[in-house]
Novice: 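Take a look at the following structure, please.
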Amino acid sequence: MAGLPKISALRIERFRNTVWEYYRKARRRLPWRQTTNPYHILVSEVMLQQTQVERVAEKYEAFINAFPDFPSLRRAPLHRVLSIWQGLGYNRRAIALKRIAEEVMRRYRGTVPSSVEELIALPGIGKATASAIVAFAYNQPSVFVETNIRRVIGHFFFPRREHVTEQELLAVVEKTLDRSDPRQWYYALMDYGAMLKRTHPNRVNVHRRRQPRFEGSRRQLRGVVLRTVLHQAGLTESALIEHIGKEPRQVREVLRQLKNEGFLKKRGGIYTIS
DNA sequence: TTCCTGACGC
DNA sequence: GCGTCGGGAA
């Protein structure tokens with residue numbers, strides 16, 4: 001357990017001023033920042049998990065237009081949700097969102113919960129996303145770290161440190177959090193982090209596991225299989241294997257996997273997406 | 001190759 | 001704690 005860093009009040013104030021000043025001049029006008037609708041904010045936060053802002057911006061509007069509220073998302077067929085999701089990656093998030101719509105309607109009567117504990121209990125929502133929703137939808141001073149915040153805190157409070165633990169980062173985030181307006185503060189913090197990424201590239205002070213190569217991977221095949229069933233519903237297993245033209249054994253394995261995860265259904269030897 | 005407003009099962 | 005989950009862009 002590393003000792004908590006002692007940060008003077010003066011240093012905190014200077015840090016806040018720096019971040020606020022940058023935000024005043026160069027804040028990003030993102031579509032999900034123009035709303036206070038908790039559902040819209042929840043959707044954006046799930047989309048933004050491990051996905052660049054620019055790419056989410058392209059999909060967000062289409063998704064919100066197609067499914068403007070929990071009821072419309074809940075009753076939408078999965079294949080429609082997945083086709084709008086196409087290109088965002090981590091397709092299981094689309095399934096999670098549908099299940100969230102189901103849960104929120106049933107258990108919370110359509111109102112997004114405002115506590116981190118309740119939010120974490122929803123599928124596809126972990127600590128970071130739950131805290132972000134609390135901050136952005138309800139303007140509450142929750143404490144969380146994501147990649148932009150990590151970069152900012154590392155830059156100002158742990159310079160030339162090779163590795164900084166999650167605990168250390170959270171402690172500093174909590175101390176420097178401007179509770180007068182948590183929502184705007186976190187927007188500002190993350191915008192500053194996005195700026196640092198451009199001005200100080202490859203200065204990463206957190207250990208990150210590198211992903212295996214995507215080309216030729218099973219995840220790539222999963223994407224291909226899902227897209228194929230999406231566009232060519234009602235094919236048998238052998239027809240799918242023929243159409244996809246990859247290792248039959250691997251395609252079969254992926255089909256079984258996708259079926260178990262709720263992407264596909266098989267009825268009478270025919271694969272569909274409900 | 002690396003990274004991206006992580007979550008989840010084991 | 002480790003593996004897996006997408007896909008696009010730089």
Side-chain angles (χ1 to χ4, degrees), chain A residues 27-28 30-33 41-60 82-97 99-100 116 119-137 142-154 163 165-166 169-170 173 182-228 230 250 253-254 257-258 260-263:
Chain A
R27 68 170 159 176
R28 296 178 292 179
L30 303 171
W32 47 89
R33 291 183 178 181
I41 291 174
L42 185 151
V43 167
S44 73
E45 290 302 325
V46 171
M47 285 185 165
L48 285 159
Q49 293 168 358
Q50 288 292 291
T51 310
Q52 281 91 339
V53 163
E54 297 76 24
R55 300 182 48 211
V56 171
E58 299 170 0
K59 291 286 180 179
Y60 170 80
L82 281 172
S83 22
I84 293 183
W85 195 269
Q86 274 304 295
L88 265 185
Y90 292 118
N91 300 309
R92 57 170 64 151
R93 294 182 294 176
I95 296 180
L97 275 176
R99 291 180 178 159
I100 288 173
V116 171
L119 285 164
I120 285 180
L122 296 172
I125 294 185
K127 262 189 60 181
T129 304
S131 288
I133 291 171
V134 168
F136 295 139
S142 58
V143 178
F144 68 99
V145 171
E146 46 70 63
T147 181
N148 288 311
I149 298 175
R150 181 175 296 116
R151 191 178 295 105
V152 180
I153 302 299
H163 178 65
T165 69
E166 201 75 4
L169 291 167
L170 284 170
V173 169
R183 181 197 328 245
Q184 297 298 320
W185 170 250
Y186 275 116
Y187 287 160
L189 209 51
M190 294 164 84
D191 284 4
Y192 202 98
M195 179 271 287
L196 283 179
K197 177 173 53 184
R198 299 192 303 270
T199 59
H200 296 72
N202 60 37
R203 181 176 299 183
V204 186
N205 51 7
V206 62
H207 177 66
R208 184 176 291 279
R209 288 188 309 278
R210 48 188 289 258
Q211 285 187 4
R213 61 180 298 102
F214 179 65
E215 205 55 35
S217 69
R218 187 175 48 179
R219 25 196 325 179
Q220 184 183 39
L221 181 57
R222 283 169 59 98
V224 172
V225 171
L226 188 63
R227 274 196 298 279
T228 304
L230 221 40
Q250 294 182 26
E253 168 64 17
V254 163
Q257 196 178 33
L258 290 175
N260 285 341
E261 294 173 25
F263 286 101

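Below, chains carry the letters A, B, ... as their sequence lines are ordered, and counting in each starts from 1.
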Novice: To the nearest 0.5 Å, how far apart are NZ in A:K59 and CH2 in A:W85?
Specialist: 10.0 Å

Novice: Students should find this one: the first and last nucleotides of DNA chain C, 5' to 3', lying under 4.0 Å from a heavy atom of chain A. What are they?
Specialist: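 Counting from the 5' end, contacts occupy C:dG3 to C:dG8.
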
Novice: So for A:Q52 and B:dC4, does any side-chain atom that can act as donor or acceptor lie under 3.5 Å from a complementary atom in the base?
Specialist: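 In this structure, the two groups form a donor-acceptor pair.
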
Novice: Using a heavy-atom cut-off of under 4.0 Å over every strand shown, decide if A:P212 touches base, sugar-phosphate, or nothing.
Specialist: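 Here A:P212 touches no strand at all.
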
Novice: Could you tell me how far apart A:M190 (CE) and B:dG6 (C1') are, to the nearest whole angstrom?
Specialist: 12 Å

Novice: Using a heavy-atom cut-off of under 4.0 Å over every strand shown, decide if A:R198 touches base, sugar-phosphate, or nothing.
Specialist: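 No contact.
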
Novice: Using a cut-off of strictly less than 4.0 Å, decide whether A:R151 has a side-chain nitrogen or oxygen near OP1 or OP2 of B:dC4.
Specialist: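 A:R151 to B:dC4 OP1/OP2: side-chain N or O found under 4.0 Å.
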
Novice: Does A:Q49 have a side-chain nitrogen or oxygen under 4.0 Å from the phosphate oxygens OP1 or OP2 of B:dG6?
Specialist: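 Indeed not, no polar side-chain atom of A:Q49 lies that close.
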
Novice: Under 4.0 angstrom, heavy atoms only, what part of the nucleic acid is A:V56 near: base, sugar-phosphate, or nothing?
Specialist: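 No contact.
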
Novice: Please confirm whether the shortest side-chain N or O distance from A:T147 to OP1 or OP2 of B:dG6 is below 4.0 Å.
Specialist: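 Answer is no, no contact under 4.0 Å.
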
Novice: Quick one: does any side-chain atom of A:S44 pair with a main-chain N or O of A:I41 as donor and acceptor, under 3.5 Å?
Specialist: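 Indeed, once roles are kept as given, a pair shorter than 3.5 Å links the two residues.
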
Novice: Find the distance A:L88:CG to B:dC4:C1' and express it as a whole number of Å.
Specialist: 12 Å

Novice: In whole angstroms, how far is the P atom of B:dA7 from the CD atom of A:Q50?
Specialist: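 One finds 9 Å between P of B:dA7 and CD of A:Q50, rounded.
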
Novice: Which part of the nucleic acid does A:I149 contact within heavy-atom distance under 4.0 Å: base, sugar-phosphate only, or nothing?
Specialist: nothing

Novice: Give the nucleotide from the list B:dA7, B:dT5, B:dC3 with an atom nearest to the side chain of A:E45.
Specialist: B:dT5

Novice: I need the minimum non-hydrogen distance between A:Q50 and A:Y90, along with the two atoms involved.
Specialist: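 Heavy atoms only, the tightest pair is CB-CE1, 3.7 Å.
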
Novice: If you measure from CD1 on A:I125 to CZ on A:R99, what distance do you get to the nearest 0.5 Å?
Specialist: 13.5 Å

Novice: Base, sugar-phosphate or nothing for A:W32? Non-hydrogen atoms, less than 4.0 Å.
Specialist: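 Counting heavy atoms under 4.0 Å across all strands, the contact made by A:W32 includes a base.
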
Novice: Select base, sugar-phosphate, or nothing to describe what A:G126 touches, counting heavy atoms under 4.0 Å on all strands.
Specialist: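 A:G126: backbone/sugar contact only, no base atoms under 4.0 Å.
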
Novice: Need to verify one output field. Residue with the more 5' nearest nucleotide on DNA chain C, A:R218 or A:E58?
Specialist: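 Of the two residues, A:R218 wins.
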
Novice: Quick one: closest heavy-atom pair of A:D191 and A:R28, and the distance?
Specialist: OD1-NE, 2.7 Å

Novice: To the nearest 0.5 Å, how far apart are CG in A:L48 and OG1 in A:T147?
Specialist: 12.0 Å

Novice: What is the nucleic acid contact for A:Q211, judged by heavy atoms within less than 4.0 Å: base, sugar-phosphate only, or nothing?
Specialist: base

Novice: Below 30° counts as parallel, above 60° as perpendicular, anything between as tilted: where do the rings of A:F136 and A:Y187 land?
Specialist: parallel

Novice: Once you apply a heavy-atom cut-off of 4.0 Å, does A:T51 come out as touching a base, just sugar-phosphate, or nothing?
Specialist: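 It contacts base atoms.
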
Novice: Is it true that A:E261 and A:R222 have a side-chain N and a carboxylate O under 4.0 angstrom from each other?
Specialist: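 Looking at A:R222 together with A:E261, the answer is yes, because their closest N to O distance falls below 4.0 Å.
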
Novice: Could you check A:E146 against A:G124 and say which one's nearest nucleotide on DNA chain B is further toward the 5' end?
Specialist: A:E146

